[in-house]
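Values below: every heavy atom of this structure, side chains too, minus hydrogens, waters and symmetry copies. This is a predicted model, so every value here is computed, not measured. Sequence lines set the chain letters: A, B, ... in the order given, protein chains first and strands last, and positions in each chain run from 1.
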Amino acid sequence: MAEVHLKDVRKSFGKSEVVHGVSAKITEGEFLVIVGPSGCGKSTVLRMIAGLEDITSGEVLINNTVVNDLEPKARDIAMVFQNYALYPHMSVFANMAYSLKVRGIAKKETRKRVEDAARILGLSDMLDRRPRQLSGGQRQRVAMGRAIVREPSVFLFDEPLSNLDAKLRNQMRVELKKLHRRLGHTSIYVTHDQIEAMTLADRIMVIREGHMEQLAAPTEIYEQPASLFVARFIGSPAMNMLEAVVDHDRLSVTVAGRINLRLRRPLSRPGSFTLGIRPEDLHKAAEQQGNAFQARVDLVEPLGSDTVIHCGIAEMEDALIARLPGSPRISAGDTILLDLDPTKLHFFDIESGARIRRTTPRQD
Amino acid sequence: MAEVHLKDVRKSFGKSEVVHGVSAKITEGEFLVIVGPSGCGKSTVLRMIAGLEDITSGEVLINNTVVNDLEPKARDIAMVFQNYALYPHMSVFANMAYSLKVRGIAKKETRKRVEDAARILGLSDMLDRRPRQLSGGQRQRVAMGRAIVREPSVFLFDEPLSNLDAKLRNQMRVELKKLHRRLGHTSIYVTHDQIEAMTLADRIMVIREGHMEQLAAPTEIYEQPASLFVARFIGSPAMNMLEAVVDHDRLSVTVAGRINLRLRRPLSRPGSFTLGIRPEDLHKAAEQQGNAFQARVDLVEPLGSDTVIHCGIAEMEDALIARLPGSPRISAGDTILLDLDPTKLHFFDIESGARIRRTTPRQD
Amino acid sequence: MMVEKRPFSTVIRHLVLLSGVVLVLFPIYVALVASSHPVENLLGRIPAWFGGQFIDNYKQILGSGMSAARSAPVGLMMVNSLIMALGIAVGKISISLISSYAIVYFRFPLRPVFFWLIFITLMLPVEVRILPTFQVIADLHMLNTYAGLILPLIASATATFLFRQFFMTIPDELLEAARIDGAGPLRFFWDVVLPLSRTNIAALFVILFIYGWNQYLWPLLVTTEENMYTVVMGIQRMVTATDWVPQWNMIMATAILGLLPPVIVVLVMQRLFVKGLIETEK
Amino acid sequence: MMVEKRPFSTVIRHLVLLSGVVLVLFPIYVALVASSHPVENLLGRIPAWFGGQFIDNYKQILGSGMSAARSAPVGLMMVNSLIMALGIAVGKISISLISSYAIVYFRFPLRPVFFWLIFITLMLPVEVRILPTFQVIADLHMLNTYAGLILPLIASATATFLFRQFFMTIPDELLEAARIDGAGPLRFFWDVVLPLSRTNIAALFVILFIYGWNQYLWPLLVTTEENMYTVVMGIQRMVTATDWVPQWNMIMATAILGLLPPVIVVLVMQRLFVKGLIETEK
């Protein structure tokens, strides 16, 4: 186990910089998830830590040692790839044992380590098979096993679940989480899937176009997104965004020019903002009271457990998405009353996208 | 628009039968989704309707005409493929116009139809591009457009969204639903994704190993699954399954040998059953009362909007998954009280997997 | 890519590669030099630098041939070679396109048998086929004709096999989409398969043109009149003309001329050709 | 697959294909028949059925050669051909494996230049290279040696190009995984690239063996002693021996013998070979 320290790490390809200075300290045993849309530079950060890409400037430290100039094999890391990168001509055993063989570790010791890892991962029965005889989930486990037998200080994961189908992805995610709980390795995990990020991470690093937008625990990322981008990226269906004008009393809000709300705690400044509200924070109201407002139902998506309602407000189509529990009797064309909790509103600066705080910090 | 009628349709490859008699009547304008795990024969059913596979026995009728022996082009259908199957060397316009060109329709008419379809799909600006210059979602739209310009009686979809990433899939799903609302074509849609099935379908046909397990509206499928298989396949996280013994009074239930519940309405017969309960039908209870029981928290997956809790009961690990709203303060290792609503329980025969009715039908 | 950091091994790699290049380019340089000298300069060793008869040598060889070996003008030989190479390339591509389409897209009994028969012909040494074929051509009075030169060389399976391999990579759904769109087998071939094969056809054209251009054995058998000789035959005859000291300047000039058309074809088709061969870039 | 239902077109397709098969197999039949007759039977036309001298003819040609043409025994020729073909196949594969690995996996300045130079050599007609190469071999006193036969034919770029194409399909992640596992360039080549290339190497071996076996021009130049002659040369000499009526029975027997080793190689390597060529099944 080890600490990983990134100090203003940057990467340029030719003249274009793709990672604009990422700094973070990953503590021993922590599970850090780096998340962002494709092409945001998240994999590049991981590959710089692994030593598969040169670091243009800044430093990467593993266990307080600068590893910038070390070969991957000397960094005491293991990596799990998106396409598993198993050696197709080797058996499962040989795949898992390969790094030990290269390092010249005794056969007996190798066998013991591989068998231990196989037992943990439920692969004991398939050590003689070839990768192509395995299902996607099993290949994923072999890739994990190959990492485990090395007993590295740091585990790196590059979108390891994205080649699996939805059901298997859910299952492997749970397995990964249990494995981490059991082995307690320092782990850095790259994904574009916000659900993986939310469920696996001790802390999440959100990256957008090579910039770090937020680094915080999942609940904080979800409940207090630092920017418009984070707010929209984390959560599905995505957070609703509306324009809002806050009065000089910093408590009265006019949303989309027609809905009037009243906050309980004043905003830090008045003016025009982007207002965010998550779909599950909209509720069906029985009668016109409090903050309730009328919405036209454009589309109903029943999920069984919940129902997603796409609503229009006045002339605006697709203005809001609400997620209501169960299967309420609503169909397209209906007009319903929606209510919201003013403490669940998020305000963002229109230009910078930065979150606007309430006056009483840490309680908004 | 047309009616499609399947009469005991079967398919064998050599001696092995892969579709064991599917019968259904798809009414004009209906959106039928055929869902099942991969390899269950759902695509084969679709391909028999399209004429891409011979029908071994049974009949397919489109608009009351038996089409068993008609070539695909004579069946008045259009099909959207999983990998889009766009002609890579043709422009978007040429792709959409190709079927009209083959049919010898006048250039002016062709241009009008293609441009209309492009407008509906937001493709007007990219008619001159090649498929490889388009994103996945745009290719999907071109494939849709190619189907629309033919003005067919029936639209067939073969997993059209499964090559897209999660965000785009959600977005295209909504677009597809809106398009169907707007054009009102009879549509048959094959997918392995239960969310697509739930949200798009007027009715869902669940297929398992070539057998039709259930054909019903989404809400009915979710709330009254006809079998263990349907119950587990639809819904995510999947329905929890436990063993349950029902007393001779047909009201007292012992679950997993230690939890005692009392039903409000008696079951049709006593005995041992598989009991199903959906994760969202488990609630956190404040105190020991009613049906509440103790559970050990093995793993917590925060999703932001909800939290998925993997629970153990006594010595059973991973016995139950509960989905609780919001971010309750629960961590692995805690012991919590879970409560459930006895009207939300599902009973299945242990051997056949068939649903067991309550004595008062249609209200269980 | 593997990024190596040791400068020493880099130097060695460069030396190895450079010597490889020299080995390849040196013969061309020698041929160019030799073709610019009068024949007397070439009796002992080959001079190191160009002589003054460059234009004269080429003019003579193109216009009137090497009189000493009683050969035809190389200009005429080049026309013959060109007709033969074009005929072989175009003919082979046409036949193999059609037959591989039949093999891949039509289902008929014994299809695997036909596939294997075609495959086996790939393996037959030319020598085995060449004598009976000669008999047939002679019986049909096609000796000393372009048809006789070209036709027997068209019937080979290599190109069929390559097209089959390419057709296998065209997704099934494309055919299914075309069937639903109402296109029959011929239309699908013409509207979809042929345009998609464009780069493959170009690549194969280049290779087959060069193959045809470099044919030696068959033209030797089937032509007896000097005005049907090809360039490659011409070179061989000049070299092996036993009753005379070889005129190395003329031979080398002919070799350079024989090299030109393939190089021109490669340069002209380069863009398409490379596309057809290199589809994945690492 | 396109399922056609019209029986008429099926009949036509079968006829076309059958005639193709006959065209391919007929020459072999003719050769077999001719090789079983005494030479007198072959002066006019080729008989339709086998004669009685099958074993005698083969025994004579293998053991003592065709005396009339003063040729060496075909048995010796076959040994020469075998050594040459094996040498060329093994040599070409080794060299091109190594050089394509360098091109794909090492990053050095001018890498594209080297790639293009190798590519251009693909295009050079053999005739241009052959004379200067002959000079070099003669200067090194390698005429009439196996090394002289084999070495110059090894240096070609086709196989390099094919291996390069294959290496491009090996996913980058495999190299990256190996680097993290601690394997250097040589280890990666030996442990991963080489085993993965197994079927490709087998396919190429078959093709290059046949290529080497069928060589004609170069052996003709570089060998002057009869005991270094190859089978293909032998056939040519028998056919073109001008001072004698061609002994077609012996020639045909030699042709059949010359056909055997390639066929054996194909049959032995078949499983691997086909795997290497056909990777996608439709």
A.B. asks: Count the heavy atoms belonging to other residues, nucleotides or ligands that lie under 6.0 Å from CD of A/E317, then report whether that count exceeds 12.
C.D. replies: no

A.B. asks: Just to be sure I understand the criterion: a residue of residues 165-180 of chain B counts if one of its heavy atoms is under 4.5 Å from a heavy atom of chain A. Which ones qualify?
C.D. replies: B/K167, B/R169, B/N170, B/R173, B/V174, B/K177, B/K178

A.B. asks: Sort out for me which of B/S38, B/G326, B/G304 touches chain A most, counting heavy-atom pairs under 4.5 Å.
C.D. replies: B/G304

A.B. asks: Report the option among B/L303, B/L299, B/D318 that has the most heavy-atom pairs separated by less than 4.5 Å from atoms of chain A.
C.D. replies: B/L299

A.B. asks: Are any non-hydrogen side-chain atoms of B/P325 and A/E280 less than 4.5 angstrom apart?
C.D. replies: no

A.B. asks: Can you list the residues that meet the side-chain hydrogen bond (donor to acceptor under 3.5 Å, both in side chains) rule with B/D202, with sequence neighbours excluded?
C.D. replies: none

A.B. asks: Tell me which of these, B/R278, B/M198, B/H310, has more heavy-atom pairs under 4.5 Å with chain A than the rest.
C.D. replies: B/M198

A.B. asks: Which of residues 188-196 of chain B have a heavy atom under 4.5 Å from any heavy atom of chain A?
C.D. replies: B/I195

A.B. asks: With a 4.5 angstrom heavy-atom cut-off, could you sort out which part of A/S305 is near chain B: side chain, backbone, both or neither?
C.D. replies: both

A.B. asks: Give the interface residues of residues 231-239 of chain B toward chain A, defined by a heavy-atom separation under 4.5 Å.
C.D. replies: B/R232, B/F233, B/G235, B/S236

A.B. asks: Most heavy-atom pairs under 4.5 angstrom with chain A, which of B/T307, B/D306, B/I221, B/L200?
C.D. replies: B/D306

A.B. asks: Heavy atoms only: give me the nearest B/P302-A/T199 pair and the separation to one decimal.
C.D. replies: O-CG2, 3.6 Å

A.B. asks: Let me know if B/D298 has heavy atoms under 4.5 Å from chain A in its side chain, its backbone, both or neither.
C.D. replies: backbone

